[in-house]
Enquirer: 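Have a look at this one before I ask anything.
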Amino acid sequence: MPISKIQSDSFASGVALGGVVQTKIATKNSTVTTSSNSAYNATGLVVTITPTSASNRIHLHFDAKTYLNNTSAVSACNFGIYKKIGSGSMTAWKAASGWDHYMNTGSYTHDFYPHMSYLFFDLPNSTEELQYEIYVKSYSAAGSSWQIFPSNLSTVPSSGYSPGMPSNAIVDRGILMAQEIKV
């Protein structure tokens, strides 16, 4: 869908953007589990885009379902985006806002299903192929683990929760979209 003109406060220059040149979408519907709080771990959710102009911007939108069976009184997760330019290596690029969906729940140990959604802008100044991948890190005082893109959500909708909706109506559990925006 073209964008006629957008004025973005995200860019210090205040450049009016001219429209979407291309959109690439990656999805992930298989569960990734992490209990590491020492390092980010790859999720396999990767999107690839090759800008047509070095002056264009890349808009990234990450959206994911998550699941935590909380055995810890203190739990959280953090997402980051790693980036690869051309034949280079995948390196840390942007981190989300900190320990997202942080919970200090005391003895309340039940299931939680936080929904994550982030927007990022890149100014790659390149026409080489770009790859962006979502990485995840968890935190737990007692070793709880986060499931990213959990498969146990595939049972919804069902006749009890969403009458009239077919079983194949479940949305993608992990989406990473890259759009090249013309400047």
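Every heavy atom of this structure was used, including side-chain atoms; hydrogens, water molecules and symmetry mates were not. As the structure is a prediction and not an experimental result, all values here were calculated from the model.
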Enquirer: I need the single residue from K182, E180, Q22 that forms a side-chain hydrogen bond (donor to acceptor under 3.5 Å, both in side chains) with N56. Which is it?
Expert: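 Only one option passes, and that is E180.
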Enquirer: For the CZ atom of R57 and the CG atom of L123, what is their distance to the nearest 0.5 Å?
Expert: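 Separation between the atoms: 4.5 Å.
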Enquirer: Quick one: side chains of residues 81-88, donor-acceptor pairs under 3.5 Å with protein atoms, not counting sequence neighbours, listed by atom name and distance.
Expert:
residue, atom, partner, partner atom, Å
K83, NZ, D122, OD1, 3.3
K83, NZ, D122, OD2, 2.9

Enquirer: Measure the NE2-CZ distance between H61 and F121 for me, rounded to the nearest 0.5 Å.
Expert: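 Spacing of NE2 (H61) from CZ (F121) equals 10.5 Å.
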Enquirer: From I25 CD1 over to L176 CG, what is the distance, rounded to the nearest 0.5 angstrom?
Expert: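 With rounding to 0.5 Å, CD1 (I25) is 10.0 Å from CG (L176).
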Enquirer: Would a line drawn from the ring center of Y135 to the ring center of F79 be shorter than 6.0 Å?
Expert: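 No, ring centres 6.0 Å or more apart.
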Enquirer: I want to check something: taking the side chain as every heavy atom from C-beta on, are I181 and I58 in contact at a cut-off of under 4.5 Å?
Expert: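 No, every pair of side-chain atoms sits at 4.5 Å or beyond.
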Enquirer: Decide yes or no on side chain to side chain contact (heavy atoms under 4.5 Å, CB included) for D63 and M116, but give the supporting numbers first.
Expert: CA-CA 6 Å; D63 189 270; M116 310 284 180; over 6 Å; no
Enquirer: Does anything in residues 41-54 form a salt bridge (Lys or Arg N to Asp or Glu O under 4.0 Å)? List the pairs, not counting sequence neighbours.
Expert: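 Pairs touching residues 41-54 that pass the test: none.
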Enquirer: Please tabulate, for side-chain N and O atoms in residues 41-51, each donor-acceptor pair with protein atoms closer than 3.5 Å (sequence neighbours left out).
Expert:
residue, atom, partner, partner atom, Å
N41, ND2, T34, OG1, 3.0
N41, ND2, A39, O, 3.4
T43, OG1, L45, N, 3.2
T43, OG1, I134, O, 2.7

Enquirer: For the atom pair CD (E133) and CH2 (W93), what is the distance rounded to the nearest 0.5 Å?
Expert: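 Taking CD in E133 and CH2 in W93, the distance rounds to 14.0 Å.
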Enquirer: Rounded to the nearest 0.5 Å, how far apart are CG of L119 and CE of M177?
Expert: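 Taking CG in L119 and CE in M177, the distance rounds to 8.0 Å.
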